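Positions are given from 1, in the same order as the sequence printed here. These figures come from a predicted structure and were not determined experimentally. The figures that follow rest on heavy atoms only: side chains count, while hydrogens, waters and symmetry mates do not.
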Amino acid sequence: MEKINPIPEILGETTDVESWLIRAGLRFSDLGNDAASIAIRKQWREYQAAVQRCCAVLHQPPSSVQLIGDYANLRIPGGTSTIKLTH
């Protein structure tokens with residue numbers, strides 16, 4: 001029996017915050033001023049810096065690169081843990 005993965009594998013990186021948030025099932029409108037939202041905004045800035053460095057070194061667009069290693073946890077908002085946002 002084939003294993004069915006309900007979440008398609010994420011290929012490539014993005015410069016669009018909405019696309020990045022969708023990876024964790026979030027929307028920009030979900031973010032507030034709470035600690036989790038502030039952490040996600042900080043992670044977005046770190047993610048974008050890592051993507052820009054990677055693209056510059058490889059001379060490739062974001063959609064053609066994929067962060068790995070220490071930067072892989074930046075790919076999905078909240079890293080490997082689930083962050084619950086409350087208003």
- Task: May I ask you to check whether over 12 heavy atoms, not counting those of Asn33, lie within 6.0 Å of atom CG?
- Result: no
- Count the heavy atoms of every other residue, nucleotide or ligand shown that sit under 6.0 Å from CD1 of Ile68, and state whether that count exceeds 12. no
- Query: Does Ser37 reach the main-chain N or O of Gly32 with its side chain, forming a donor-acceptor pair under 3.5 Å?
  - Reply: yes
- Message: Taking the side chain as everything from C-beta on, heavy atoms only, tell me whether Thr14 gets closer than 4.5 Å to Arg23.
- Response: yes
- Query: Side chains of Leu31 and Leu21: closer than 4.5 Å at any heavy-atom pair?
  - Reply: yes
- Message: Is there a path of hydrophobic side-chain contacts, each under 4.5 Å between heavy atoms, that joins Ile22 and Leu67?
- Response: no
- Task: Not counting sequence neighbours, list each pair that qualifies as a ring-ring contact (aromatic ring centres under 6.0 Å, His included) and has a residue in residues 14-38.
- Result: Trp20-Trp44, Trp20-Tyr47
- Note on the structure: With sequence neighbours left out, the residues meeting side chain to side chain contact (heavy atoms under 4.5 Å, CB included) with Ala24 are Leu26, Ile76, Pro77
- To the nearest 0.5 Å, what is the distance between CD (Gln66) and OH (Tyr71)? 15.5 Å
- Quick check: does any side chain N or O of Gln43 sit under 3.5 Å from a backbone N or O of Gly78, one acting as donor and the other as acceptor? yes
- Could you list all the salt bridge (Lys or Arg N to Asp or Glu O under 4.0 Å) pairs where at least one residue sits in residues 54-69, not counting sequence neighbours? none
- Message: What's the separation between atom CD in Glu13 and atom OG in Ser63, rounded to the nearest 0.5 Å?
- Response: 10.0 Å
- Donor-acceptor contact below 3.5 Å, side chain Arg75 vs main chain Gly12: yes
- Nearest 0.5 Å please: distance from the CZ atom of Arg45 over to the CD1 atom of Ile40. 12.0 Å
- Write down the atom of Cys55, the atom of Pro61, and the distance for their closest heavy-atom approach. SG-C, 3.8 Å
- Query: Do the charged groups of Arg27 and Glu18 touch, with an N to O distance under 4.0 Å?
  - Reply: no
